[in-house]
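The analysis underlying the following values was restricted to heavy atoms, covering all of them including side chains, and did not include hydrogens, waters or symmetry mates. Just so it is clear: chains get the letters A, B, ... in the order the sequence lines come, proteins before strands, and each one is counted from 1.
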There are 2 protein chains.
Amino acid sequence: MSENNKQKAVLSVTEDIRSKILDGTYPEGMALSQVDIASTYQVSRTPVREALQILAGEELVEIRDTGRATVTTISPESFLEKCELRALIEVKLLELSIPLMGTEDIAKAREINESLKKCAPEEWTPLNYLFHEVLYKPANRPLMQNVIKDLHHRHYARLKSFILSHRNTPRSLREHDELIDRCERQDIEGACYALESHIMMSAYALAEQLKAQQLKRRQTASL
Amino acid sequence: MSENNKQKAVLSVTEDIRSKILDGTYPEGMALSQVDIASTYQVSRTPVREALQILAGEELVEIRDTGRATVTTISPESFLEKCELRALIEVKLLELSIPLMGTEDIAKAREINESLKKCAPEEWTPLNYLFHEVLYKPANRPLMQNVIKDLHHRHYARLKSFILSHRNTPRSLREHDELIDRCERQDIEGACYALESHIMMSAYALAEQLKAQQLKRRQTASL
DNA sequence: TACCAACAAAATGTATCCATTATGGTTTTA
DNA sequence: TAAAACCATAATGGATACATTTTGTTGGTA
């Protein structure tokens, strides 16, 4: 780090690799060589190794017993199960939240959904997460909130390219509106049901796309 | 590692520190100096640093921005929330499991609970986990099962000393019996309710003990 | 051609060294 | 006396060098 970048090397390297994995620059299964990364960032292998350990803890890279590191792959099955888990926790959070919601929470949610309706494609994922976060904040369950955030960031974010190509966003926005309405009416059961459908419907659609792409990739790879 | 121990240094160091944290040899808040650990295991600081990173990923140690590592502390609040999360997931797993349970699953569960009734104190925690694992296996949700396992191992195991001193084991065993009976009768709702109570009752009791011990420790520390 | 062995090249694991940063105690000063 | 500045010590961060393991390739043999 030749610049006036006083930040520790481990941190910047970790962040950069992480974002490259999330945005697909480093695709599934790609080998992450310590020496290559080290020369890329003009640092020694020491901070690189630490960065890879950290990312392994985040399940973004896998370190085999030979020491070789690769970008983890997302199987459609494990993706669906993560969505199930997400749905389970988010529904619980919503159930706890609704009785504690104030008018300002509802207003905030509406505001975010309006931004979602006219946001740029790259802004969709973080804004969408923000929408859900606002809904669960009254529940005051920092740990569960964190698990959700992780599921979003470490996993969901990697499907950004699908999400953009998937034409379900208009429906998502309608579902968001419906969700807000039910929260406002204190219709806990209805809101929870709507949320679970919202999550799982898009989950099934995305899993299908994932399966299709992996099939295609495997075919082109075998040529 | 002077012996014929051909295992990588990182692995043995990580495992040893982990078990020492879990069994309380390294108590909450204890500073983990790289040089001290390195000299303890007769290795250089390099593998020690990696081990600490790994343990930080498991939330067993905390690495501050100064680089100093300490054993993480367990606040009663976060402990309770982890139990809530555990209950949420385990209840879901049980709900999915019951319709798929065979007589051999029931028998296996009974068998483990019988072992629990006469096992040595050190065996209680792993056997108890095994009991729950058997109940959830038919659900076939490896990821959720894994989250549960982590919550048990990375967190619950550190309260072993409490669990041993706590006189709730007879009640736990009775609750296990009741749980098995309800599963056998395919009483999903009743079994889920029993499981949630089982988890949260012991959670509240343990949280109280935790609070008491931390208060006591803080008092003795201020002398 | 297929398979196996041996060797070469490359990548990882660990140790050691130096630079930098944090810490604790001492001294100085208001 | 209390607080701030300063310095000495100790600890961490990163780089380099060396050891070990892994991998790929080449050449020989059945």
Protein-nucleotides 6-10 of chain C N/O pairs under 3.5 Å:
none

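- Contacts between residues 46-63 of chain B and DNA chain C, counted as heavy-atom distances below 4.0 Å, involve B/T46, B/P47.
- Annotation: side chain to side chain donor-acceptor pair (under 3.5 Å) contacts of B/N140 (sequence neighbours excluded): none.
- Residues satisfying the side chain to side chain contact (heavy atoms under 4.5 Å, CB included) criterion with A/A38, sequence neighbours excluded, are A/R45, A/V48.
- In terms of the salt bridge (Lys or Arg N to Asp or Glu O under 4.0 Å) criterion, B/E62 has no residue partners (sequence neighbours excluded).
- The interatomic distance linking A/Q7 (CD) with C/dT20 (P) rounds to 18 Å, in whole Å.
- Listed by chain and residue number, nothing satisfies the salt bridge (Lys or Arg N to Asp or Glu O under 4.0 Å) test with A/E81 (two or more places apart in sequence, or in another chain).
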task: Start with the C-alpha distance between A/E123 and A/K118, add both sets of side-chain angles, then the distance that settles side-chain contact (heavy atoms from CB on, under 4.5 Å), and finish with yes or no.
output: CA-CA 10 Å; A/E123 284 303 311; A/K118 47 188 180 246; over 6 Å; no

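- The distance between atom CZ of B/R45 and atom C1' of C/dA15, rounded to the nearest whole Å, is 11 Å.
- Rounded to whole Å, atom C1' of D/dT12 lies 14 Å from atom CG of B/L32.
- A donor atom on one side chain and an acceptor atom on the other are found under 3.5 Å apart for B/T72 and B/R158.
- What separates CD of A/Q42 from P of D/dT16 is a distance of 10 Å, to the nearest Å.
- With sequence neighbours excluded, the residues satisfying ring pair (Phe, Tyr, Trp, His ring centres under 6.0 Å) with B/F131 are B/H176.
- We find that CG of A/D65 is positioned 14 Å from C1' of C/dG13, with the value rounded to whole Å.
- Annotation: side chain to side chain donor-acceptor pair (under 3.5 Å) contacts of A/T66 (sequence neighbours excluded): none.
- Phosphate contact (OP1/OP2 of C/dG13, side-chain N/O of A/Q34, threshold under 4.0 Å): present.
- Taking atom NZ of A/K8 as the reference point, atom C1' of D/dT12 lies 8 Å away to the nearest angstrom.
- Comparing A/T66 and A/S44, the nucleotide of DNA chain D nearest to each residue sits closer to the 5' end for A/S44.
- With sequence neighbours excluded, the residues satisfying salt bridge (Lys or Arg N to Asp or Glu O under 4.0 Å) with A/K117 are A/E114, A/D177.
- Considering only residues two or more places apart in sequence or on other chains, B/H153 meets the side chain to side chain donor-acceptor pair (under 3.5 Å) condition with none of them.
- With distances taken from any side-chain atom of A/V10 to the nucleotides C/dT14, D/dG14, D/dT12, the minimum falls on D/dG14.
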Protein-nucleotides 6-9 of chain D N/O pairs under 3.5 Å:
none

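- B/S19 is linked by a side chain to side chain donor-acceptor pair (under 3.5 Å) to nothing, counting only residues two or more places apart in sequence or in another chain.
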